[in-house]
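Written below as structure tokens is the structure these notes are about.
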Amino acid sequence: MKTTRQRTARAARAHRNTAPPDTHEMVVIHRGLRREARLLVELIAAVPPGDTARARVLGDHFRDYRLGLTGHHHGEDEHLWPPLMARVDLEADLVLRMEAQHERVAASLAAAEEALPAWERRAGETERDTLASVLAEHRAVLLEHLDDEEEELLPLAARHLSAYEWDRLGEHFLTSTPKPKLLFFLGLVLEDADRAERAAMLAAVPLAGRLLWHTVGRPAYARRMRTVRRGSAPR
């Protein structure tokens, strides 16, 4: 005979299988990506020639940014495009456009990764300006994709996916991201979230994770960003 707890769990699973997804969480994630893409260009462009210590700080920050963005996009590649392509007809071109934009974003990240070591070694003015230019191109490609995704793709996902299917994106990121980086990425997402958005995002985090965020992750994130954004103009 099923217990009350088992019946409750079964009802919750059934609800997730049929309920529409809350796609606004993607907007909150994108907000953090837009901010960091902009700041990387501005902060790197402002580094004085020869400041290799500052170059290493920002180089490490770029690599973490790339890790987070790449993980986010891989989740969409595996868990968002395939179910949508199986269920849409006239909108299939939109999904294909999203996939093509992912490839362009990945290529722009690879170009920045290729330009980074030369700047980190000497922090030369020419190498700095080359890297800043490549990152500005990356930002332009990224913003085009994020704008299209929010305007056209998210409404499509809300119509065709269940909350369960949508949640697989977050589960993919959690399982594929190095555990020491998860609190940092949570900070990136929460930084510009309003109170309601922050509460919704944290509600999806297990209790132990929320406690770890408040006691360890939040202060560590604040310390790191003070170092990364040293001298940046507030927005």
Side-chain angles (χ1 to χ4, degrees), residues 1-37 39-40 57 60-83 109 146 149-150 154 157-158 161-229:
M1 190 171 185
K2 289 185 173 61
T3 66
T4 301
R5 179 178 297 180
Q6 289 172 325
R7 288 194 294 271
T8 301
R10 183 176 179 180
R13 287 194 298 270
H15 175 73
R16 286 182 68 214
N17 285 335
T18 56
D22 177 14
T23 60
H24 182 71
E25 65 182 21
M26 186 78 80
V27 176
V28 182
I29 293 169
H30 287 177
R31 198 178 299 151
L33 293 172
R34 286 186 174 93
R35 180 192 65 241
E36 295 308 312
L39 284 171
L40 276 165
V57 168
D60 288 341
H61 188 61
F62 165 76
R63 280 183 278 269
D64 280 346
Y65 163 82
R66 182 185 184 188
L67 175 67
L69 176 54
T70 300
H72 174 66
H73 278 181
H74 282 173
E76 293 178 341
D77 292 338
E78 293 190 21
H79 301 294
L80 189 53
W81 314 143
L109 285 171
L146 299 184
E149 193 167 72
E150 290 174 12
L154 293 187
L161 299 182
S162 68
Y164 170 77
E165 290 170 314
W166 180 261
D167 288 347
R168 295 183 69 188
L169 293 170
E171 292 166 1
H172 174 92
F173 191 83
L174 287 175
T175 57
S176 63
T177 302
K179 295 299 183 287
K181 300 293 185 182
L182 287 174
L183 290 177
F184 169 71
F185 291 131
L186 181 59
L188 281 181
V189 171
L190 294 180
E191 182 174 335
D192 289 335
D194 63 28
R195 180 175 298 181
E197 291 167 340
R198 192 176 298 113
M201 298 295 285
L202 286 173
V205 178
L207 176 60
R210 294 198 299 272
L211 292 173
L212 195 61
W213 163 248
H214 288 296
T215 58
V216 177
R218 185 164 60 179
Y221 180 79
R223 287 193 301 271
R224 171 165 176 179
M225 286 313 184
R226 282 195 295 270
T227 300
V228 168
R229 296 177 187 168

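This chain uses plain numbering: 1 for the first residue, then up along the sequence. From a predicted model like this one, the values you see are computed outputs, not experimental measurements.
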Atom [atom1] in [X], atom [atom2] in [Y]: separation rounded to 0.5 Å?
X    : Y    : atom1 : atom2 : value
E78  : H73  : CD    : NE2   : 13.5 Å
R34  : L39  : CZ    : CG    : 14.0 Å
L69  : D64  : CG    : CG    : 12.5 Å
L67  : F184 : CG    : CZ    : 9.5 Å
T227 : D60  : OG1   : CG    : 11.5 Å
L202 : L190 : CG    : CG    : 5.0 Å

Give the minimum heavy-atom separation between [X] and [Y], together with the two atoms involved.
X    : Y    : value
V189 : V28  : O-CG1, 3.7 Å
A157 : T23  : CB-CG2, 4.5 Å
P20  : A163 : O-CB, 3.9 Å
G75  : L169 : O-CD2, 3.2 Å

For residues 197-213, the salt bridge (Lys or Arg N to Asp or Glu O under 4.0 Å) pairs (sequence neighbours left out) are R31-E197

So do [Y] and [X] actually touch side chain to side chain, heavy atoms under 4.5 Å?
X    : Y    : value
V228 : M225 : yes
L188 : L33  : no
L183 : Y221 : no
V216 : W213 : no
S162 : D167 : no
D22  : W166 : no

From H72, H74, E76, residue fulfilling side-chain contact (heavy atoms from CB on, under 4.5 Å) relative to H172: H74

Donor-acceptor side-chain pairing of H61 and E36 below 3.5 angstrom: yes

Can you tell me if E150 and H30 form a side-chain donor-acceptor pair at under 3.5 Å? yes

Sequence neighbours left out, what pairs pass ring-ring contact (aromatic ring centres under 6.0 Å, His included) with at least one residue falling in residues 185-204?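 Passing the test, one end in residues 185-204: F173-F185.
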
Starting from the C-alpha separation in whole Å, work towards a yes-or-no answer on salt bridge (charged side-chain N to carboxylate O under 4.0 Å, His left out) for R224 and E191. CA-CA 13 Å; R224 171 165 176 179; E191 182 174 335; over 6 Å; no

